[in-house]
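Since we're looking at a predicted model, the values are computed, not measured. The first residue in the sequence is number 1, and the count goes up from there.
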Amino acid sequence: MATFLYRLGRFSFRRRRLVALLWVVILAACGFAAAKAPAAAEDGFSMPGTESQKAFDLLDQRFPGSNSKGADARIVFVAPEGQKVTASANKAAVEKIVADVAGGDQVKGALDPFKMAGAVSKDGTTAYSTVSYDVQSIDLTDATTEALQDAAKAGRDAGLTVELGGSALVPEGEGGGSTELIGVAAAAVVLLITFGSLAAAGLPLLTAIIGVGVGVASIVAIGMSTTTTTLALMLGLAVGIDYALFIVSRYRTERTEGHDAEEAVARAVGTAGSAVVFAGLTVVIALAGLSVVGIPVLTKMGLAAASTVVIAVLVAMTLLPALLGFFRKAVLPRAQRKGHGGQRAKGARPNLGTRWASFVIRRPLAVLVFSVLGLGLISVPALDLQLGMPGDEAKSTSTTQRRAYDALADGFGPGFNGPLTVVVDAKGSDDPKAAAARAAEQLTATKGIVATTPPAFNAAGDTAVLTAVPSTGPSSEDTTDLVHTIRDEAHGLKSDTGATMLVTGTTAVNIDVSQKVNDALLPYLALVVGLAFLLLMVVFRSLLVPLKAALGFLLSVAAAFGTIVAVFQWGWLADALGVEQTGPVMSMMPIFLIGVVFGLAMDYEVFLVTRMREAYVHGERPGEAIVTGFRHSARVVGAAAVIMIAVFAGFIGMNESMIKMMGVGLASAVFFDAFVVRMTVVPAVLALLGHRAWWLPEWLARIVPQVDVEGEKLNHGGPAELRPETEPEPEPGRA
């Protein structure tokens, strides 16, 4: 591995103009293809194998033309205090607004609340109109969405309180552009402080942006939606900076050791590049493993992000060495640029990483116990983790969606925002109408249902749809229990009438998502941890180091879950972080957090421990190897972690509660893993294990391939044999 990458790095350095031009051509080609690609269809949130998805599929089949995937909007009207919405002036204003909206080009229908049963609250203060569209929300024109906003304004001008909800609305305050800019700016500052050189700080940013540009453009070109590219953009930028940061740092070290630019680049790619390759593989495993959950959208996001990580590795292995050929002295520290790059000064003052590692190996047991107990304490709230799929109730009160939700809950009850759609498949029944009537009676008699609509049959008369309104909100555990109760009662209907009753709707879909994610969590953990264990065993040729890495990851993830529960369920620091509504944690957050953080955690593990392994293989004692690893890598790993934290923390300031949750979870997980687990627990455990940390049974050592991540061959005559007889022409002012 090291020898191959050594040759690749040297080739990229010597043919730097060709390599740089090739990447520019690739970027331009991908950008052109993305620009010419048709607009991607919106990802449908399908859940194969769940009852709610079966019901949706049945509706599409039995009610052709209904376009259940089309966008919808809900216009909520609230009369002024002391008045009723049914008053003549208010009623006339509502009817005019609904008629105006119904005349839109993409509107399939807008229901008049005064002609629809149950659309006016019992106290007469609140009414709503449901607007359905022929197309999905992504295909709505600006004129259509502006008409909706104009309708709300007209109602307010008439003295009514008008709020909007539904999928037709463009989410407020969720643009990601400023977040990426904040992350890039923070990364630039950290890199500049770390390297003290504009060129050294700029190269990781430049290569990361090029890698992300190629990756995201490729994803768009093949027809994936913008939703799918979100994770690819975020992770591609983060790991692209990290990988380049590690190689540039190793290049500077090799120059300090007295190697010329070409040799330093080749050695940096051969050693640090090997760590980058295996770190990238762990991230790819974690992201591609998301496919085991069985949610197509999550699978697409994982595969798209994994492909972007692969591109980031390729850029770091080829484009970065080429660019170092153009900036061979500019990336060095100022003092070294003024000199000739000789050997490191003897007796130089130990850096912070060296001092910290020395402290830990003097008191490994105390440090280990204190760190584990601290993470354990922070993890305690995770025992109360409650999963769900919060909707508009979790949005900020500054959004019209949240105000519409609250108005409907006040006027019609909390369950009105989460109605259940019940589909009765009576094709196998002798009397479909009697079976549907029996289903309606059964629903009405079910405890927790406050209202049920009459069955509505399709043209063939073999399938009916009913709407059941729960007494509790869509995120309530009581509603989850109610859905399970209705599904259990459906077995009796099947045996008595031959009809099948299925429960669907947004609330039921969210419940099914939560259940499916819960069921997939352990298999997913087993898959990614197991594969990464095997990969790290090859990298470190050890059993205990991969085991320690996996256990440390579980500690950091548990602490991150504890932080999320404390903030978003218990309300700790909620005001400071702008969390206006506590509630269950998003169902996909645990598996998403595990996938992303596992990949990043293994990055830090590989970056830090490979330098320790390298020093150990080259003859240093275990304690000395730990200090050497920290001397060379602690600053780089710390800088990489700070960059990650800054990028993820940028999401905390956004209005959307789910985005805030991602920001808090990812930022806290990176902090715990990088600074507590990798920087504290890892050296403490390795110090306690001593030589045993690098133990591998002889029979297993014969099986495990020798990949030479440490570059041992590069220090035993390999480089001299590999180097060409002729050097490239020297460039003025460069060494």
- Query: Which heavy atom of A508 sits nearest a heavy atom of L420, and at what distance?
  - Reply: N-CD2, 4.4 Å
- Do Q53 and D57 have a side chain donor and acceptor closer than 3.5 Å? yes
- Euclidean distance, K516 NZ relative to S52 OG, rounded to 0.5 Å: 9.5 Å
Indicate every side-chain donor-acceptor pair of residues 87-94 with a distance under 3.5 Å to a residue at least two apart or in another chain.
residue: N90; atom: ND2; partner: Q83; partner atom: OE1; Å: 3.1
residue: N90; atom: ND2; partner: K84; partner atom: O; Å: 2.9

- Distance from D105 atom CG to T141 atom OG1, nearest 0.5 Å? 7.0 Å
- Does A286 have any side chain to side chain contact (heavy atoms under 4.5 Å, CB included) partners at least two apart in sequence or in another chain, and if so, which? Y524, F598
- A110 and V98: which non-hydrogen atoms are nearest, and at how many Å? O-CG1, 3.8 Å
- Query: So which heavy atom on A119 is nearest to which on P113, and how close?
  - Reply: CB-O, 3.5 Å
- Please identify each residue that fulfils side chain to side chain contact (heavy atoms under 4.5 Å, CB included) with S668, with sequence neighbours left out. A560, T563, F672
- Task: Kindly compute the distance separating CZ (F56) from OG1 (T50), expressed to the nearest 0.5 Å.
- Result: 9.5 Å
Distance-only criterion, 3.5 Å: show the donor-acceptor pairs between side-chain atoms of residues 489-496 and protein atoms not counting sequence neighbours.
residue: E489; atom: OE1; partner: T446; partner atom: OG1; Å: 3.0
residue: K494; atom: NZ; partner: T500; partner atom: OG1; Å: 3.3
residue: S495; atom: OG; partner: H491; partner atom: O; Å: 3.4
residue: S495; atom: OG; partner: G492; partner atom: O; Å: 2.9
residue: D496; atom: OD2; partner: R438; partner atom: NH2; Å: 2.9

- Item | Side-chain (Q569) to main-chain (D384) donor-acceptor, under 3.5 angstrom | yes
- Task: Taking the side chain as every heavy atom from C-beta outward, state whether V297 and K300 have any atom pair closer than 4.5 Å.
- Result: no
- With sequence neighbours excluded, what pairs up with D481 under the salt bridge (Lys or Arg N to Asp or Glu O under 4.0 Å) test? none
- Query: Under 4.5 Å between any side-chain heavy atoms of D112 and E95, yes or no?
  - Reply: yes
- Message: Are the side chains of D410 and T126 in contact, using a 4.5 Å heavy-atom criterion?
- Response: no
- Rounded to the nearest 0.5 Å, how far apart are CG of L148 and CD1 of I97? 11.0 Å
- Query: Any side-chain heavy atom of V450 within less than 4.5 Å of one from S471?
  - Reply: yes
- Item | Side chains of F553 and L525 in contact at under 4.5 Å (non-hydrogen atoms) | yes
- Message: Assess the residue pair T504 and T421 against the criterion (side chain to side chain donor-acceptor pair (under 3.5 Å)); give the C-alpha distance rounded to whole Å, side-chain angles, the decisive distance to 0.1 Å, and a yes or no.
- Response: CA-CA 5 Å; T504 188; T421 300; over 6 Å; no
- Show your working on side chain to side chain contact (heavy atoms under 4.5 Å, CB included) between V422 and M501 and close with a plain yes or no. CA-CA 7 Å; V422 180; M501 185 167 67; 3.3 Å; yes
- Message: Using the rule given for side chain to side chain contact (heavy atoms under 4.5 Å, CB included), can you reason through F568 versus K660, listing the C-alpha separation, both sets of side-chain angles and the distance that settles it, and then say yes or no?
- Response: CA-CA 9 Å; F568 293 93; K660 284 181 182 289; 4.1 Å; yes
- Item | Pairing residues for L408 by the side chain to side chain contact (heavy atoms under 4.5 Å, CB included) criterion, not counting sequence neighbours | R74, V76, Y128, F412, F416, N417
- Could you check L111, V107, L164 and say which one makes a side chain to side chain contact (heavy atoms under 4.5 Å, CB included) with V131? V107
- Query: Do other residues, nucleotides or ligands put more than 12 heavy atoms under 6.0 Å from D488 CG?
  - Reply: yes
- Check whether any side-chain heavy atom of V465 sits under 4.5 Å from a side-chain heavy atom of L59, and report yes or no. yes
- With rounding to the nearest 0.5 Å, note down the distance linking CD in Q106 to OG1 in T145. 9.0 Å
- Query: Rounded to the nearest 0.5 Å, what separation is found between the CG atom of L290 and the CG atom of L298?
  - Reply: 5.0 Å
- Message: How close do P419 and T467 get, counting heavy atoms only, and between which atoms?
- Response: CB-CG2, 3.8 Å
- Check A426 against A435 and note the closest heavy-atom contact, atom names and distance. CB-CB, 4.5 Å
- Query: Do you know the tightest heavy-atom contact between E51 and L502?
  - Reply: OE2-CA, 3.3 Å
- Item | Sub-4.5 Å side-chain heavy-atom contact between T480 and H484 | yes
- Item | Note: D100-K96 ion pair, threshold 4.0 Å (strictly below) | yes
- Output, in order, the C-alpha distance, side-chain angles, deciding distance and verdict of side chain to side chain contact (heavy atoms under 4.5 Å, CB included) for V424 and L466. CA-CA 8 Å; V424 179; L466 305 88; 3.6 Å; yes
- Query: Checking side chain to side chain contact (heavy atoms under 4.5 Å, CB included) for the pair V85/V78: CA distance, chi angles, key distance, verdict?
  - Reply: CA-CA 7 Å; V85 78; V78 181; over 6 Å; no
- Message: Applying salt bridge (charged side-chain N to carboxylate O under 4.0 Å, His left out) as the test, list every pair that has at least one member in residues 463-477; sequence neighbours left out.
- Response: none
- Item | Heavy-atom donor-acceptor pair, N458 side chain to T463 backbone, under 3.5 Å | yes
- Task: Would you check if there is a donor-acceptor pair between the side chains of S429 and T497 at a distance under 3.5 Å?
- Result: no
- Query: P381 pairs by side chain to side chain contact (heavy atoms under 4.5 Å, CB included) with which of I564, V567, V565?
  - Reply: V565
- Query: Of all residues at least two apart in sequence or in a different chain, which pass the side-chain hydrogen bond (donor to acceptor under 3.5 Å, both in side chains) check with S132?
  - Reply: none
- Taking only residues two or more places apart in sequence or in another chain, which ones pass salt bridge (Lys or Arg N to Asp or Glu O under 4.0 Å) with D157? K153
- Query: Mind checking what makes salt bridge (Lys or Arg N to Asp or Glu O under 4.0 Å) contact with D406, not counting sequence neighbours?
  - Reply: R402
- For the side chain of T299 and the backbone of I295, is there at least one donor-acceptor N/O pair under 3.5 Å apart? yes
- According to the salt bridge (charged side-chain N to carboxylate O under 4.0 Å, His left out) rule, which pairs have a member within residues 413-428, sequence neighbours left out? R62-D425
- Message: Quick check: do L160 and P80 have side-chain heavy atoms less than 4.5 Å from each other?
- Response: yes
Only pairs under 3.5 Å count here: list side-chain donor-acceptor contacts from residues 587-596, not counting sequence neighbours, and write none if there are none.
residue: S587; atom: OG; partner: G388; partner atom: O; Å: 2.9
residue: S587; atom: OG; partner: S514; partner atom: OG; Å: 2.2

